[in-house]
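Every chain is numbered from 1, with letters handed out A, B, ... down the list of sequences.
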Amino acid sequence: MTLATKYDPRSVEEKWYAYWIEKGFFHSQVDKGRVPYTVVIPPPNVTGVLHMGHMLNNTIQDVLVRRARMQGKNACWVPGTDHASIATEAKVVKMLAEKGIDKKSLSREEFLKYAWEWKEEHGGIILKQLRRLGASCDWDRTAFTMDDIRYESVIRVFVDLYNKGLIYRGVRMVNWDPVALTAVSDEEVIYKESHSKLFYLRYYIEGSDRYIVVATTRPETILGDTAVCVHPDDERYQWLKGKKVIVPGVGRVVPIIMDEYVDREFGTGALKITPAHDINDYALGMKYGLESIDIFNDNGTLNEKGGQYEGMDRFACRKQIMCDLEAAGLVEKTEDYTNKVGHSERTDAVIEPKLSAQWFLKMDSLSKKALEVVENGTIRFHPAKFKNTYRHWLENIKDWCISRQLWWGQRIPAYYFEKDGRTHTVVAATEEEARQLAAEKYGYSGALRQDDDVLDTWFSSWLWPISLFDGIRNPGNSEINYYYPTADLVTGPDIIFFWVARMIMAGEEYLKDVPFRNVYFTGIVRDKLGRKMSKSLGNSPDPISLIDKYGADGVRVGMLLTAPAGNDLPFDESLCEQGRNFSNKLWNALRLVSGWQVADSDSQTSTLDSQLSSNSVAVQWMEQRMAQVLEEVEHCFDEYRLSEALMATYKLAWDDFCSWYLEMVKPAFGTALDRETYDATISIFSRLMLMLHPFMPFVTEEIWHQLQDSDTVSSIMTQHMPTSVFYDERFLQRFDTAREVIAGVRNIRATRGLSPKEPLKLSYLATDQRFDISGFEPIIAKLGTVSSIDSVSEKPSASLSFLVGTTECFVPMPSTIDTGEERRKLLADLQYTEGFLAGVLKKLANEKFVSGAPAAVVEKERQKQRDAESKIAALKEQIAAL
RNA sequence: GGGAGUAUAGCUCAGCUGGUUCAGAGCGCCUGCCUUACAAGCAGGAGGUCACUGGUUCGAUCCCUGUUACUCCCACCA
């Protein structure tokens, strides 16, 4: 069979992925005889499309999962999607608007029908895209945070936590998103620096022509002002005690209050109080019994309390009101000011603090346990620095606002009814149960009204590792018992609070155990300029086009090569190119090997390659080198250093295997390779594919198959990952010496203009016992094109030399050599070495060093001295010989 | 305002308990090569005061002080 010069990923990838699915290799089921290895995917938004962050994240998961599977573990990677309430609802609303349908004109049921249709149509694209990447998810288990099992789990948990007294409803100041028209949690508010203005407004004292100046960034909120506050110890304002002021432009008379909350240094030291629109003002309002005037509609426009500004948008109102105040002479001055303004994570709208009735989850007891398991190492973070972030958040945690004024999500199972002039609440999983409860507790049997709100998306995500195995509805079922806790979680540090911490809480609450043992935090994928990849910047490459261009293996390698845990990943397409080149390199190694003629030694001895003697040494070396790298790789995986593990394997394959090993055993043109070496080569090559398979699933499967007797094999996926065995370090070191000799010869050829084809006679001065190339002579001869290797006691005349360690090696000097150039080089080397020796001697002359340092260190220094001295002598001789 | 982290070759990063794995890797770059596996390649090579400053030590890229620069997280200063 002839193989194409270039590796073609496309056909190979399609073929093998279909094969893997067909054979059910990704599927896992409970098997008590095997150790489980579970990973749950961070569920992407159901309507999302794959971006580079997903690529990185899922590549890492796949590497871990495939490796575990090959280690004989029962690997189970559960995929799924998140309903992403706000994001998805916003998309559906937008889609409807494009069709000319206003959400407000629809009933809840009608809207949800559209939403589910949309989900069925557009949902799950991202999971299909993951297949292109090679993700070995157990697709039979694909879940959705709003499918029946997950929906019911969420509802049950809500009821349970309510019954435990951990969930309560209350009127609080919450973060209101005026675009999505819902409350959001503290974590969903992103504070961004913004260039705004600080306005200084005059508040006249009632019945006086004196005024005080108050600074504000939000002049429109004066419509809701119900007090002005100063510091009780502020000398400037003592005279204001008990006075009242007139809100500028509004005319309302409000009291002056005095409270230590006020920062005397800021602005004028006087603060306007708008209890309805600022969290701190709200607290002060409560403290002093102030009226709370809400001036906004839910969508951020002014309501009827806004008087003449009614119906205006809050920002338009800001401008207008300043205009009007200016005209009325009520503005003292305006300054540029930089402050942080909260934006909605989902809609980017400026968050409005708003007083409303919401559901909250108490965090005190939940967070305590969650902190403990990370502190005591039951769960390990990689990198560990995120423990700090985690601790800080949990120690300062506030109750979680879990209700959202949306329709797309799990509807809160709280039911209301009126009896005896009061509103009562019952919480139950179904309306039927709620009815019973109402009857039992309150003797009520009329109609119930269900709460309109749905739950925060994260209130379903936090159960993910449990609900995927139905561990909420069926506690103690065989799946949850077997697969939980999961092994590794791979996610971004940006959702450590949203998701990681809360999953830990849910795990402790419902299974009394952690949800995972390790958390691998990936970095953020950035572009070459260090900018975050985003749609608006247009700097995010489309992952699928990258796969089309470089192959899935190429892209995977590209992502992994520069992605140490927790570090941001400056993505550059050339990395994928490197990955693609590597695939191709492996492919061509296959082409080489499969083109070899093989001869059994007893039958066709005469046609065997004459270098046979070097082959067994080569095999021996490659085996040892592989064992060494396997050990290194195992160590890397233990510490979740995936990019290092890949790089070590990459070098083993490219440098050691291709550049050295294959060159060593490669038969001369027209000759055959002995059977023994051929078999060893196939074996080594195959194991190399196993080592690379977690990183590059497709190309390794393809090559591995071509290396086997095709009728006896199933898949590389079902093979066992090789493990490190004993290797002889001294042997490997001695081989490196031989490598240096070869490099030395090649260097001389390259720099002195010697033909690469003309054989050279090599000799060396055997003065240093560390220099031991015995057994490697045939290899040196072959790769260095050397016709003879001799140990000599004297430098041969008319020769060029190079040093390997302290040993001088020689090749005959060609007549064309430029002795002047040669002399300059040697002199420079001599000068450097003399300087080096001087440093060593100085150190040895230091009495404190000789007596203070360990004997071994001093001896090393003495060795350096001897080496330098002999090198200097050698260099001087060479110079003289010129 | 609080906390954490980073600073090593042109770029991205290793360097685990201070001492020949101490100055490394990959990419890039330079110079030769279309050597019958691979130019998506082969061979060779050049690049660094280990951010700056003091200190501890016989000895510091590594430990401690301080400085500077950048990054991230948290926080209700209008």
- Message: Looking at every non-hydrogen atom in both residues, tell me the closest pair between A:K272 and A:T274 and how far apart they are.
- Response: NZ-OG1, 2.9 Å
- Task: Would you mind calling B:U21 syn or anti? Take O4'-C1'-N9-C4 for purines or O4'-C1'-N1-C2 for pyrimidines, and syn is within 90° of 0.
- Result: syn
- How does each nucleotide of nucleotides 26-39 of chain B score, in 5' to 3' order, for protein heavy atoms under 4.0 Å: base (B), sugar-phosphate only (S), or none (-)? SS--------BBBS
- Message: Quick check for you: to the nearest 0.5 Å, what is the distance between A:L590 atom CG and A:I682 atom CD1?
- Response: 8.0 Å
- Message: Check this one for me: any side-chain N or O of A:R739 less than 4.0 Å away from OP1 or OP2 of B:A43?
- Response: no
- Winner on side-chain proximity to A:N747, out of B:U20, B:C76, B:G44, is B:G44
- Item | Salt-bridge contact A:K782-A:E663 (side-chain N to carboxylate O under 4.0 Å) | no
- Item | P-based separation of B:U12 from B:G18 [nearest Å] | 29 Å
- Under a 3.5 Å limit on both distances, the Watson-Crick or wobble mate of B:C42 is B:G32
- Query: Has A:N581 got a side-chain N or O lying under 4.0 Å from the OP1 or OP2 atom of B:G41?
  - Reply: yes
- Message: Measuring to OP1 and OP2 of B:G5, would you say a side-chain N or O of A:K387 lies under 4.0 angstrom away?
- Response: no
- Message: With a 4.0 Å cutoff (strictly under), does any side-chain N or O of A:K860 reach OP1 or OP2 of B:U21?
- Response: yes
- C1' atom, B:A25 versus B:G54: distance in rounded Å? 33 Å
- Task: For nucleotides B:G55 and B:G10, find the distance between their C1' atoms and express it as a whole number of Å.
- Result: 34 Å
- Query: In terms of base orientation, is B:G47 syn or anti, with the syn window spanning 90° either side of 0?
  - Reply: syn
- Query: Closest to the A:R641 side chain: B:C13, B:G15, B:C76?
  - Reply: B:G15
